[in-house]
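What follows is one structure encoded as structure tokens, with my remarks underneath.
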2 protein chains.
Amino acid sequence: MFNFVPSIKNGMADKREHILMVAEKLFGENGFDGTSVRDIAHQANVNLAMISYYFGSKEKLLEALIEYRASFTTLQELNKDEVLTPIEKMDRVIDFYVDKIMSNFCFHNLMLQQGNNSRSEEIRELIIDIKQKNFEQLKKIITDGQRKKFFRKEIDIELTIGTFMGAISQFTQARHYWSRILHIEKDNDEAYRKKMTPRLKSHLKQVLHAHLKIKNEES
Amino acid sequence: MFNFVPSIKNGMADKREHILMVAEKLFGENGFDGTSVRDIAHQANVNLAMISYYFGSKEKLLEALIEYRASFTTLQELNKDEVLTPIEKMDRVIDFYVDKIMSNFCFHNLMLQQGNNSRSEEIRELIIDIKQKNFEQLKKIITDGQRKKFFRKEIDIELTIGTFMGAISQFTQARHYWSRILHIEKDNDEAYRKKMTPRLKSHLKQVLHAHLKIKNEES
DNA sequence: TTGAATTAAACAAACGTTTAATTAAATTTA
DNA sequence: TAAATTTAATTAAACGTTTGTTTAATTCAA
């Protein structure tokens, strides 16, 4: 099996980062509660106490990881664009999200799990805030497309966005299941990623086009 | 907040069942690892040792819960039906799944989590097997619809099914998030269920119709 | 030589599970 | 039916691990 965690480089910022990457992998695979601080320390080849030393606590480590990963600028740039049609923009959104999430299921699964079930209200709110900002960018693109008469007015925007996000989540979260269904080599994340990414992109574009576009001409 | 766990009735089978219901709720809310046997015992008002006594172990309790909940006959009956059109059948499927999952998110979330991340290979396989049977029934309905020239041939059947399941999962799993987006009263599962169920059904039917149906006449 | 980085060891609390004793229920015997 | 006996259900307490976190000593670098 592959190991995507980068090895320790010199310097201490890198060590902190290395711990974050290992934590991300383990949290994503076994859940927050299913991962012990000792697991993380061992896999990261650092002393157990270093995690408290760097982050304060297991929960603070999780917060640090979320802040480390939370970067959401691309959608805003896309919204400002004046050249692309709304349909093209949606295609870009799909490419962006599928790439982003497929290239890092561990973090996405962790966010999914902690966004709803974290014992810490603070963490739940943190995650939901991030997701909400994304939602609003996405909503703008769709309403803009409606205004410009590219998209139908009758659609349920919120549920459309949820359906789109849910589909991607489904194929990252239930990898074991879909590996079997689609006859992809078991426990080979790289193979899954490679086969799934283009297929999922083109499928989602199909679905969203059929759902969003006003039915005049055939594309 | 509501409590959907039924109270203890007389008889011992009921007590076993009562423990299962409490476990389902806690597992679904806090995850398998996030729930202790003591939590379950306390919430169920039974002695801690009773859980080992009835089920053997925490993991066996989980298995018992899965077997208790796994009942998948309705889709088979639907497949045998000769009167309904494939489109009507798909609508029934949507109603069936949305009702089923919305009326029991705890169990659905648990299956989602354990189907991929359970430390027990046995449990992962158990869950995936159940899901695969459902998948095959669903696939039959769609290929049947293609054969009868109701559905397009160009669609990606597997990903279509995944998209559909993923959408439902999204709205059960990320309830906190969608409650905020859709301005539904926070931490009120009953309100969420009530508002979401019809809305999700009609949205999914729209999406699937647009995606599946051969575009001849307007419906 | 001062302060940060790193360590092994220890901490108390929580974990899943088991034990041995007790109570309740069911079954058998008289 | 009543008492005796056996089986099952229930309990409080304890088991040995593992948990997240801290300590106090040591190493390292500035």
Side-chain angles (χ1 to χ4, degrees), chain A residues 7-66 110 113-114 117-123, chain B residues 7-66 110 113-114 117-123:
Chain A
S7 56
I8 301 182
K9 300 162 204 165
N10 45 354
M12 101 133 225
D14 291 314
K15 196 163 194 173
R16 225 188 86 107
E17 239 176 65
H18 178 65
I19 294 173
L20 282 176
M21 307 316 287
V22 171
E24 177 177 59
K25 181 170 179 283
L26 293 176
F27 284 161
E29 279 176 0
N30 312 317
F32 181 75
D33 292 309
T35 306
S36 74
V37 190
R38 278 172 180 80
D39 287 341
I40 299 169
H42 183 256
Q43 276 247 19
N45 273 308
V46 298
N47 187 276
L48 171 61
M50 293 307 293
I51 284 164
S52 291
Y53 181 74
Y54 276 131
F55 302 99
S57 69
K58 187 187 181 185
E59 202 168 280
K60 290 268 182 63
L61 163 61
L62 174 58
E63 285 180 49
L65 176 57
I66 293 170
L110 177 62
Q113 181 206 115
Q114 291 295 309
N117 298 328
S118 177
R119 224 127 321 116
S120 156
E121 168 96 27
E122 197 186 335
I123 286 174
Chain B
S7 54
I8 302 182
K9 299 162 203 163
N10 45 354
M12 100 131 225
D14 291 313
K15 196 164 196 171
R16 225 187 88 106
E17 241 175 64
H18 178 66
I19 295 173
L20 283 176
M21 307 316 286
V22 172
E24 177 177 59
K25 181 169 179 284
L26 294 176
F27 285 159
E29 279 176 1
N30 312 317
F32 181 75
D33 292 310
T35 305
S36 73
V37 190
R38 280 172 178 81
D39 287 341
I40 298 169
H42 183 256
Q43 276 246 18
N45 273 309
V46 298
N47 187 277
L48 170 62
M50 292 308 293
I51 285 164
S52 291
Y53 181 74
Y54 277 131
F55 301 100
S57 69
K58 189 188 180 185
E59 202 168 281
K60 289 268 183 64
L61 164 60
L62 173 58
E63 286 180 49
L65 177 56
I66 293 169
L110 177 61
Q113 182 205 115
Q114 291 295 308
N117 299 329
S118 178
R119 222 125 324 115
S120 155
E121 168 96 27
E122 196 186 336
I123 285 174

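Separating the NZ atom of B/Lys60 from the P atom of C/dT17 is a distance of 9 Å, rounded to the nearest angstrom. Rounded to whole angstrom, the span from the CD1 atom of B/Ile19 across to the P atom of D/dA9 amounts to 12 Å. The CD1 atom of A/Ile51 sits 13 Å away from the C1' atom of D/dT19 (whole-angstrom rounding). Between B/His42 atom NE2 and D/dA12 atom P the separation is 12 Å, expressed in whole Å. Atoms CG (A/Asp39) and C1' (D/dT17) sit 14 Å apart, rounded to a whole Å.
Looking at heavy atoms from C-beta onward, A/Lys58 lies in side-chain contact with A/Phe32 at the 4.5 angstrom threshold.
Residues B/Asp39 and B/Gly34 come closest through the heavy atom pair OD2-O, 4.2 Å.
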How does protein reach along nucleotides 20-30 of chain D, written 5' to 3' as B (base within reach of a heavy atom under 4.0 Å), S (only sugar-phosphate), or - (no contact)?
-> BBBB-------
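At the phosphate of C/dA5, neither OP1 nor OP2 sits under 4.0 Å from any side-chain N or O atom of A/Tyr54. Distances shorter than 4.0 Å separate none of the side-chain N or O atoms of B/Lys15 from OP1 or OP2 on D/dA9.
Here the straight-line distance linking atom CD of B/Gln43 with atom NE2 of B/His18 works out to 8.5 Å at 0.5 Å rounding. Distance check, rounded to the nearest 0.5 Å: CZ of B/Arg38 to NE2 of B/His42 gives 12.5 Å.
For A/Glu24, the side-chain contact (heavy atoms from CB on, under 4.5 Å) partners are A/Met21, A/Leu65, A/Arg69, A/Asn104, A/Cys106, A/Phe107, not counting sequence neighbours.
Shown are B/Val46, B/Leu20, B/Thr35; of these, the side chain to side chain contact (heavy atoms under 4.5 Å, CB included) with B/Ile40 is made only by B/Thr35.
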